[in-house]
Number of protein chains: 2
Amino acid sequence: MNEYYNSAYKPLLAIDCVIFGYEDGELKVLLTRRKQEPYKGAWGLATGFLHFGESLDYAAERVLKKQTGLDRIYMDQLSTYGEVDRDPVARVISLVYYSLIKVESQNEEILEKNQAQWFSITALPKLMFDHETMIQMSWGKLRRKSRYQPIGFELLPEKFTLPELQSLYEAIHQKQFDKRNFRKKILATGLLKKLDEKQKGVSKKGAYYYVFEEGKYDELISQGFNFELKSMAFGS
Amino acid sequence: MNEYYNSAYKPLLAIDCVIFGYEDGELKVLLTRRKQEPYKGAWGLATGFLHFGESLDYAAERVLKKQTGLDRIYMDQLSTYGEVDRDPVARVISLVYYSLIKVESQNEEILEKNQAQWFSITALPKLMFDHETMIQMSWGKLRRKSRYQPIGFELLPEKFTLPELQSLYEAIHQKQFDKRNFRKKILATGLLKKLDEKQKGVSKKGAYYYVFEEGKYDELISQGFNFELKSMAFGS
DNA sequence: TCAAAAGTGTTACTACTACACCCATGG
DNA sequence: CCATGGGTGTAGTAGTAACACTTTTGA
């Protein structure tokens, strides 16, 4: 380590995680209460500082694991925020990840321990610092990405019905889709396998369960494909 | 500043800039030689550490200005790279920006002073650290973005001809487009104003100059629009 | 038997692709 | 006058949007 490196200013580097879930027909975000003064108790994203010897992705996984108890969840870097006064206490550069989890696999106890709570994306509380912006940007990225990649499935249980999938997309895009066109488009990708089992308890007729076929997806992604309904376009 | 902040690990934070230009029908990247040991003289991106009291965008502008002598150039954050050993000397987190400049407005002296040189994107030299990846990712983002936003214009002089614009898009996408379809699509956006002036010296007939109408663009962007040719799709 | 949600096909329209010839000018 | 690159239109095709009725079954 020489002069060039030694003389440089070293900021704090935080990892903030926008955690999306889908429940009761709504797109939700997992928020938590700040544990430190000042602003103790304010709602915000799951957060943590980068540790020595950790890669960025690893740090994000650690923060996610601590907040949700879950491993191996879908996660992607959004952007890095570094306005000088974004954190009023100290200069903190914040690297934002967004992640998609299956709410049903959530552990209630861990939520309580972390003072964490799910909020509908359309009814967020007042948030600390620039966390509101981070969430809105993540939502935008989710919208755009869901048009080209079947990431929506990350938010649903392993087995899901087409009406559920459609509601999820409607929650993400805040837009209604035509049932027939949606099914046609989704099934045309060949990514879904229909099971012989019907959902019980939701409707009288019962909708067939489907599963997402990861294998087929990998084939398609390498060729490049389009998962988009034109009608989804550009609310983004 | 309290214990929570004080105890945290503080990494170095570098800003690396991928600078794109367009010249002689080729998409190019501005590279520079490393000034410090080790690896002194190795080709790499324009880089600098974040300074105390600077926002990230400001730091990127500073690095760009130093490298090119230019102000107010198109610039966007790509991503942040933080593998533990990406810089073999010290732990450096690297925030990558990519930018688009008009090569003609470049100052030759500054290039020489910085030992900087333009390289065709298809013939890059061996690069230090993970800079090759950063360039490839930036190129991907440029490809994708150029399908939805008319950012290509940032790479051309104020006045340009449609054949020039088409060659630029062909260089970005490494794909040939049909002349008629390209013109139709581009002109249909209503973003270009045809001038009464013809280009001289390139072809005998001479192609009409066009200018990009920023005002109209702002109208369109707020509604959301699609700048894409399907044929551009998914080489990305 | 009826209420409530699931499932299904066709037509019109729009947007993209493919394609070949004439035009203007400088040398 | 001819070689070179600039400019133009149309027909076929594919994909998207719009739209309404039948099916199943639990209460």
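What's counted below: heavy atoms across the whole structure, side chains too, no hydrogens, waters or symmetry copies. In what follows, every chain begins at residue 1, and chains take the letters A, B, ... in the order their sequences are listed. Computed from a predicted model, the values in this text were never measured in an experiment.
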What is the distance, rounded to the nearest whole Å, between atom [atom1] of [X] and atom [atom2] of [N]?
X	N	atom1	atom2	value
A:Phe177	D:dC19	CZ	C1'	18 Å
B:Lys185	C:dT14	NZ	P	15 Å
B:Arg183	C:dC16	CZ	C1'	18 Å
A:Phe182	D:dG15	CZ	P	19 Å
A:Lys184	D:dG15	NZ	C1'	10 Å
A:Asp178	C:dA6	CG	C1'	14 Å
B:Tyr209	D:dG6	OH	C1'	14 Å
B:Glu164	D:dG5	CD	C1'	13 Å

Surrounding [atom1] of [X] (heavy atoms of other residues, nucleotides or ligands, distance under 6.0 Å), is the total greater than 12?
X	atom1	answer
A:Glu158	CD	no
B:Lys198	NZ	yes
A:Lys66	NZ	no

Pairwise side-chain contact, B:Leu142 with B:Ile151, heavy-atom cut-off 4.5 Å (strictly under):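 Yes; the side chains approach each other to less than 4.5 Å.
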Below 3.5 Å, does any donor atom in the side chain of A:Arg180 face an acceptor in the base of D:dA20, or the other way round?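 Result: at least one qualifying N/O pair found.
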Taking the six-membered ring of A:Trp43 (Phe, Tyr or Trp), confirm whether the NZ or CZ of A:Arg33 is under 6.0 Å from its centre and within 45° of its axis.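 So A:Arg33 does make the cation-pi contact.
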Keeping the roles fixed (side chain from B:Asp24, backbone from B:Glu26), state whether a donor-acceptor pair exists under 3.5 Å.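 No: the side chain of B:Asp24 does not pair with the backbone of B:Glu26.
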Strand-adjacent residues in residues 197-205 of chain B, judged by heavy atoms under 4.0 Å from DNA chain C: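 B:Lys198, B:Lys204, B:Lys205 - these, ordered by number, are the residues of the stretch whose heavy atoms sit under 4.0 Å from the strand.
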Do B:Asp16 and B:Ser94 have side-chain atoms, one donor and one acceptor, less than 3.5 Å apart?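 Yes, a side-chain donor-acceptor pair sits under 3.5 Å.
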Per the ring-ring contact (aromatic ring centres under 6.0 Å, His included) rule, which among B:Tyr22, B:Tyr210, B:Tyr169, B:Phe153 passes with B:Phe160?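 That would be B:Phe153; it is the only one of B:Tyr22, B:Tyr210, B:Tyr169, B:Phe153 passing the ring-ring contact (aromatic ring centres under 6.0 Å, His included) with B:Phe160.
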For DNA chain D, please output the secondary structure as dot-bracket, reading 5' to 3'. Pairs are Watson-Crick or G-U wobble, both atom distances under 3.5 Å; mark crossing pairs with [ ], other-strand partners with |, unpaired with a dot. |||||||||||||||||||||||||||
Hey, which sits more toward the 5' end of DNA chain D by its nearest nucleotide, A:Gly206 or B:Pro163?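 In this pair, the answer is B:Pro163.
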Could you go step by step and tell me if B:Leu31 and B:Leu45 meet the side-chain contact (heavy atoms from CB on, under 4.5 Å) rule? CA-CA 5 Å; B:Leu31 299 176; B:Leu45 299 171; 4.1 Å; yes
